[in-house]
Every structure is written in structure tokens, then in C-alpha cells.
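Notes to accompany the following structure.
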Amino acid sequence: MSQAFRLFNTLTGKIEPLNLIEPNHLRFYSCGPTIYSYAHIGNFRSFLTADLVLRTARAIGWKTTYVTNITDVGHLTNDDTMDPSGEDRMAKALQSSEGTRFANVWDLSRFYSDALQSDWQQLNLLKPDVQPRATEHIREQIQTIEKLISIGAAYVTTSGVYFSVDRFSDYGKLSGNQASEALEQAVRDVVVDPEKKDPRDFALWKKDDQHLMQWYSPWGWGFPGWHIECSVMAQCYLGDEIDLHAGGEDLIFPHHECEIAQAEALTGRPFSRHWIHTRFLQVEGQKMAKRIGNFFTVRDLVIEKGVEPLAVRLALISGQYHKPFNFTFSTLRDCERHIKRIREAYDATKNANDLGRQDQSSLADALTEKQHLILNALLDDLNTPAAIAHALDGVRTILKNKDSLGRQAHEHMTEISNLLGIVPQAALPPSDGHVSNVRGSIPKAEDSQTEIIEQMIQKRSIARRERDFSKADKIRDQLLEMNIEIKDSANGTTWEHKSKI
RNA sequence: GGUGACGUGGCCGAGUGGCUAGGCAGAGGCCUGCAAAGCCUUGUACGGCGGUUCGAAUCCGUCCGUCACCUCCA
């Protein structure tokens, strides 16, 4: 049975139910990053939208085919003041201070692509069915460009191949940017080509035999334009018509507009039925920028600051994708606490499940109700704040009834885990020489510290027993300085690592 | 200038005609040697101005503000 999954469709400007081409099979493409550096939390907010779509679709029993690309081809930057040479991002990264450690662009691309996979895993994003790379689909791109030329939708100039926007009447249907005069005025062509027939025309292929990444084509050595890779790879793995295409809001124009033009000029049919775009996040109320010091990659938070990766995930999905979102450290701290409670609840229900107990019917009913609310919230344009509220409500219920939990409680945690991906269950696989345990990412070297910590806690316990509280408090302060937080309870003292935020 | 989105309390963020969102922070209490965590109780709101309606945060108009894009940045 299929339920309506409603999403805001950029194409129509309305919230509409996903209307699948093949019943119960979602074919879905999401634009991935250009890997010239570590992906930042803004990138991941966008990837997380795709992740939630996928999880929700699966929860209502849909089969899913999810493709998200890795752009590993350099593309020209548009930063004409900083970069008058029109150098591309990959090449620029190679020449940066961080880039000098790489032998060449290919090496750089491999490194950051591995880092992306690792971050991806840390934030518990589901594995795509296909994660194609632009450089592995050059042949298909060339073939598509040839076809576009043959049907008159593209033309060759001395500098490259351009798509002829004039030949595609629907150009502008996604972004609303239809007026060619307006574009003509605004246009800032990176590589000025006087042979372009229309200022709106965009490059499918750039001729350049000096470029660091170049391939041989019918038009000589060069590299593909940015837009062509996505539509080609989407059609390659998902077919000419797809159900859903996602990306960041900055991609609406020109990237997605151009994808539509390329794909639909070729097939004469709608490329994607639905388009969703994730709004940018701000950090502490400001646009994320390196010079303001509010620019964060996943590893800045997880490795440098020791934040539990799932807390980062929770923070990033705590705002609805379609609304502007302000990422703050206050939110992140809250999320760390939520994740702790979720873990506690999970541990409690796990045992209950192993015992094969049944919940009291009232508890079971309450949790079943919450599960419905969570799913319904997600089906309603990925209303994550509401879904999280219901999930946490269930967690609170579980923690309150810790001693009488059964299977339904365990199922509730499984549901939260499947739908929102915010339940820490097992240690994540190690990455980058760091081991991630249930208390967050801790460098392995600290394993030997554990003993010292335990000893200090022992000493404090003795001091407390002897009612020497000033000594006990001193030890607690020392531990706190080591980012260790302790809790006294009836069963003794427990400790955990605290993040540095 | 053009295109699109958004504007809810101290903060983050749901709610789309009448019915408690939730979280954080604040206040009071329980627990604790003191903390931390947890639990209980609790106040504050819908950008401005018009209009429609018995009734508007919600619909319509208008103004103001914020964000994004305008040729290769999620």
C-alpha cells in the first residue's frame, strides 16, 4: 500500500505528492559535491535532505534507486576578481597551501573523495545505489553532446561546444529566469566567447589542451561543462525520465535549469517530475565563510571538537530543508544531549527486546501512535522538526518506563533509527586514525588515559566516602579540565568525554 | 534591477481559519554532600498596515525586512 509523500516541488512552487513513473519505485538523483576540499556542514545539510527522502520512501514500502554523483572534474570558477585567469576549482585547490601535499589533481581528487565517504558514514547517511564520478562518464557526456549537436540543439565554436538556449522554449521554467535581456545584462562570462549566439547559451564542452584534466573529444582536447555531467549520469542510471531530482538552492539556476534544457532537448520528454532544493544554512546568524571563522566541515566538529557525529546529523536536520536554517553551537550542544538520551533509551530497549518481553498495552499504544506521527511528519514535506519532536517524546516515554519495556519500545527505537538515523547503536568503523566509540570520537591514544581517569575517580570516591568534599571536588575539576564529565548515581560514578564546544 | 523563497516568544523551530507542537534558555520545586543528569510545575508569540470572516499566526492585498540565485558555490 502506498501513502502520499508530499514535497515542495520547485518546478510548480507547490507542495505536491510524489507521483512516481513506476508505481512504488522512486528513481531519485541528488547533486553531490565538487571534491576540491572537505565537504562542509552546508553540503551535508543538502545530502541529508536526500537521505531523509530515501528513508521515508523506504518506510512506506517503496523500492528506491538513489544516485548521487561526485564531481571530480575541475570547473571554472566565477570569481573573476580573485581569479582572473579563470582557473578551475580543482587546479586552484592543488595550488593552495593544503594542496601542495598532492602529486596531482587526480591524487587530490582521490583524497577528498575518500574523506567524503568517511564523513558520509560518520553522519550515518545511507549508501547510494550508485555514486558515479564525472570523470568516469566522459564518454557518455561526449556522446550526448554529439547528439545535441546533431539535432541542432548545440553548436561548436573555436573555444568549445555550446547549448543553444534559443532552441529550447521551456528554458527558465524552473528558476523563473526567462527574460534573455535580463540575463544578457547580468551575464559575467568566465571565458568570453564572441561566437556565442545567445548570451544565455552555456558550455557543454570546453576546448583546452593546457588544462590539468583533459580528455580527447571530437572537438579536440578539453573537458566537459559542469551541467552536462549530472543530466547524463542521471539518465544513464535512472532512465530518460526520473521521479525526483534534488540539490542545494544555489543549483536551481543555472545548474538545474541547464540540466533540464540538455535532457529535455534530447528526449522531448520531462526530465524530472519533481525538484526539491535545500536552503542554505547560516552559522550563528551569518553566512558561513572562512574569514568570519564560522566555516565548519564535518571533521572540524567531529574530530577537532570531539562532537558526537550523530549530534551533528541531528542538528543539521533539526530545521526543515525548505526553510532557511541557522546552525548554532547552542543547537549542537542540545543535540549532543538528545543523542545521549536516545542512546540510553536504545540500550534500555535492547535488553527488553532480548528478553522477548511485551510492553504494557498502554505503553505499546502510545509508542505506536508516536511512530505514526513521525512517519506522517516526514511524509509531509520532510517536516523534520515535528518528526524529531515526536521521536524525542517517545524517547522520554521509554526512559520513564525503563523497567517495563518490551518489544514495542525496541521497535520505536528501530523506527527512529531507520527514519531519522539518529540512534547510535554500535561503534562506527574507525576512520582517519580515530576510533569512534559510543561517547564520540576519541583519538586512540586516549585509550591509555582511561586508566588514569578511572584511578582519579576511584580516589574521588574514597574522598567522598571520607566526606572530604573539597578534595573530591578538586578531582572533579581536574577531570573537567581533561574534558571528562562525571555523574554520581546510586550505582556509582560514571564518566564520559565532553566535546569542546 | 530581475527571479524565487522565507518572516512565529529570550533563542532554535512546528503549526495554514476556532482545538497544548517540541527543544534550549529563564523561574519555582524534587533528587544530590555540592554538582551534573533526570523528573514535576511555569510565564512570554505570530514583521507593519489594511481587508475577508461570527472568528485570522493561518486566506487576500500592500508595505517592510531577511536569504538565495542571476553562467559553472550544497
Side-chain angles (χ1 to χ4, degrees), chain A residues 8 10 13 30-34 36 39-50 71 74-79 86 88-89 172 174-179 181-191 196 199-203 206 225-228 246-255 257-258 277-282 285 287-288 315 318-328 330-331 333-335 337-338 340-341 344 373 377 380 383-393 396 399-400 464 467-470 472-473 476-477 480 485-490 493-494 496 498:
Chain A
F8 183 91
T10 310
S30 172
C31 280
T34 303
Y36 56 90
H40 53 72
I41 54 176
N43 296 122
F44 272 96
R45 171 157 144 95
S46 178
F47 308 155
L48 280 163
T49 301
T71 299
H75 292 294
L76 297 178
T77 61
N78 67 339
D79 202 341
D88 82 47
R89 287 187 174 269
L174 185 69
S175 63
N177 285 333
Q178 251 148 348
E181 314 80 52
L183 281 173
E184 203 155 1
Q185 285 200 329
V187 77
R188 285 185 304 156
D189 225 339
V190 181
V191 179
K196 263 172 73 169
R200 297 175 299 171
D201 293 351
F202 55 91
K206 294 269 189 188
W226 177 39
H227 314 303
I228 194 71
E249 64 170 322
D250 58 325
L251 299 182
I252 296 171
F253 190 89
H255 187 54
E257 196 72 73
C258 294
H277 293 95
T278 305
R279 296 218 44 169
F280 271 18
L281 60 75
Q282 292 188 292
K287 190 185 164 108
M288 188 165 66
S318 69
Q320 203 243 10
Y321 78 97
H322 182 238
K323 292 206 170 168
F325 177 68
N326 187 11
F327 182 92
T328 66
S330 160
T331 303
R333 273 188 291 268
D334 296 347
C335 290
R337 201 153 7 154
H338 292 319
K340 261 186 216 172
R341 286 169 61 73
E344 220 178 293
L373 290 172
D380 181 19
N383 188 343
T384 43
I388 291 166
H390 296 308
L392 291 178
D393 209 13
R396 190 204 307 270
L399 289 175
K400 267 193 212 166
R464 285 181 72 214
R467 307 199 69 78
D468 184 354
F469 295 121
S470 66
D473 290 352
R476 184 168 59 196
D477 289 345
L480 209 57
E485 194 169 49
I486 55 175
K487 265 198 271 188
D488 298 324
S489 73
T493 303
T494 58
E496 46 186 30
K498 245 187 94 185

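Reckoned from all heavy atoms, side chains included, excluding hydrogens, waters and symmetry mates. In this text the structure is predicted, and so the values were computed from the model without any measurement. Per chain, numbering begins at 1; letters A, B, ... match sequence-line order.
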Between A:P385 and A:H322, which residue's closest nucleotide on RNA chain B lies nearer the 5′ terminus?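 Of the two residues, A:H322 wins.
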The answer to which of A:S330 and A:Q320 contacts RNA chain B further toward the 5' end, by nearest nucleotide, is A:Q320
Pairwise [atom1] distance for [N] and [M], with rounding to whole Å:
N: B:G15; M: B:G9; atom1: P; answer: 15 Å
N: B:C40; M: B:G22; atom1: P; answer: 12 Å
N: B:U53; M: B:G18; atom1: C1'; answer: 12 Å
N: B:A36; M: B:A27; atom1: P; answer: 12 Å
N: B:U20; M: B:C54; atom1: C1'; answer: 24 Å
N: B:U58; M: B:G47; atom1: P; answer: 8 Å
N: B:C12; M: B:A37; atom1: P; answer: 23 Å
N: B:A14; M: B:G23; atom1: P; answer: 15 Å

For [Y], does its backbone N or O pair with a side-chain atom of [X] as donor and acceptor, under 3.5 Å?
X: A:E257; Y: A:G172; answer: yes
X: A:N43; Y: A:H40; answer: yes
X: A:T49; Y: A:R45; answer: yes
X: A:E249; Y: A:H277; answer: no
X: A:T493; Y: A:D488; answer: no

Quiz item: A:R279 side-chain donor-acceptor pair to B:A5 base, under 3.5 Å: yes
Spell out protein contact along nucleotides 33-41 of chain B as letters: B when the base is contacted, S when just the sugar-phosphate is, - when no protein heavy atom is under 4.0 Å; keep the 5' to 3' order. BBBBSSSS-
Heavy-atom side-chain proximity of A:P33 to A:F47 below 4.5 angstrom: yes
Run the side chain to side chain contact (heavy atoms under 4.5 Å, CB included) check on A:R89 and A:T71 step by step: do they pass? CA-CA 11 Å; A:R89 287 187 174 269; A:T71 299; over 6 Å; no
Under 4.0 Å between any heavy atoms, over every strand shown, what does [X] touch: base, sugar-phosphate, or nothing? Just pick one.
X: A:G42; value: base
X: A:A377; value: nothing
X: A:K287; value: sugar-phosphate

Begin from the C-alpha positions of A:R467 and A:F469 and carry the test side chain to side chain contact (heavy atoms under 4.5 Å, CB included) through to its verdict. CA-CA 5 Å; A:R467 307 199 69 78; A:F469 295 121; 3.8 Å; yes
Between [X] ([atom1]) and [N] ([atom2]), how many Å, whole number?
X: A:K323; N: B:C46; atom1: NZ; atom2: P; value: 16 Å
X: A:L392; N: B:C24; atom1: CG; atom2: C1'; value: 12 Å
X: A:D334; N: B:C24; atom1: CG; atom2: C1'; value: 4 Å
X: A:F325; N: B:G13; atom1: CZ; atom2: C1'; value: 9 Å
X: A:H277; N: B:A5; atom1: NE2; atom2: P; value: 13 Å
X: A:L373; N: B:A14; atom1: CG; atom2: C1'; value: 13 Å
X: A:F44; N: B:C73; atom1: CZ; atom2: C1'; value: 16 Å
X: A:H390; N: B:U20; atom1: NE2; atom2: P; value: 14 Å

Within the stacking criterion (centroid distance below 5.5 Å, interplanar angle below 30°), does A:F280 stack on B:A74? yes
Distance from A:R333 atom CZ to A:H338 atom NE2, nearest 0.5 Å?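 Rounded to the nearest 0.5 Å, the CZ-NE2 separation comes to 13.0 Å.
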For a side chain to side chain contact (heavy atoms under 4.5 Å, CB included) check, start with the C-alpha distance between A:F327 and A:S318, then their side-chain angles and the critical distance, and finish with the verdict. CA-CA 9 Å; A:F327 182 92; A:S318 69; over 6 Å; no
Relative to each other, are the rings of A:W226 and A:H255 parallel, tilted or perpendicular (30° and 60° limits)? parallel
Hey, is the side chain of A:N383 poking within less than 4.0 Å of OP1 or OP2 on B:G15, counting only N and O atoms?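 Looking at the OP1 and OP2 atoms of B:G15, one of them is under 4.0 Å from a side-chain N or O of A:N383.
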For the side chain of A:F253, starting at C-beta, report the closest nucleotide among B:A74, B:C69, B:G22. B:C69
Picking from B:C12, B:A74, B:A14, which would you name as closest to the side chain of A:A386? B:A14
Which ranges of RNA chain B pair up as stems, where a stem means three or more consecutive Watson-Crick or G-U pairs with both distances under 3.5 Å?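 Counting only runs of 3 or more consecutive pairs, the stems involving RNA chain B are B:1-7 with B:64-70, B:10-12 with B:22-24, B:26-30 with B:38-42, B:47-51 with B:59-63.
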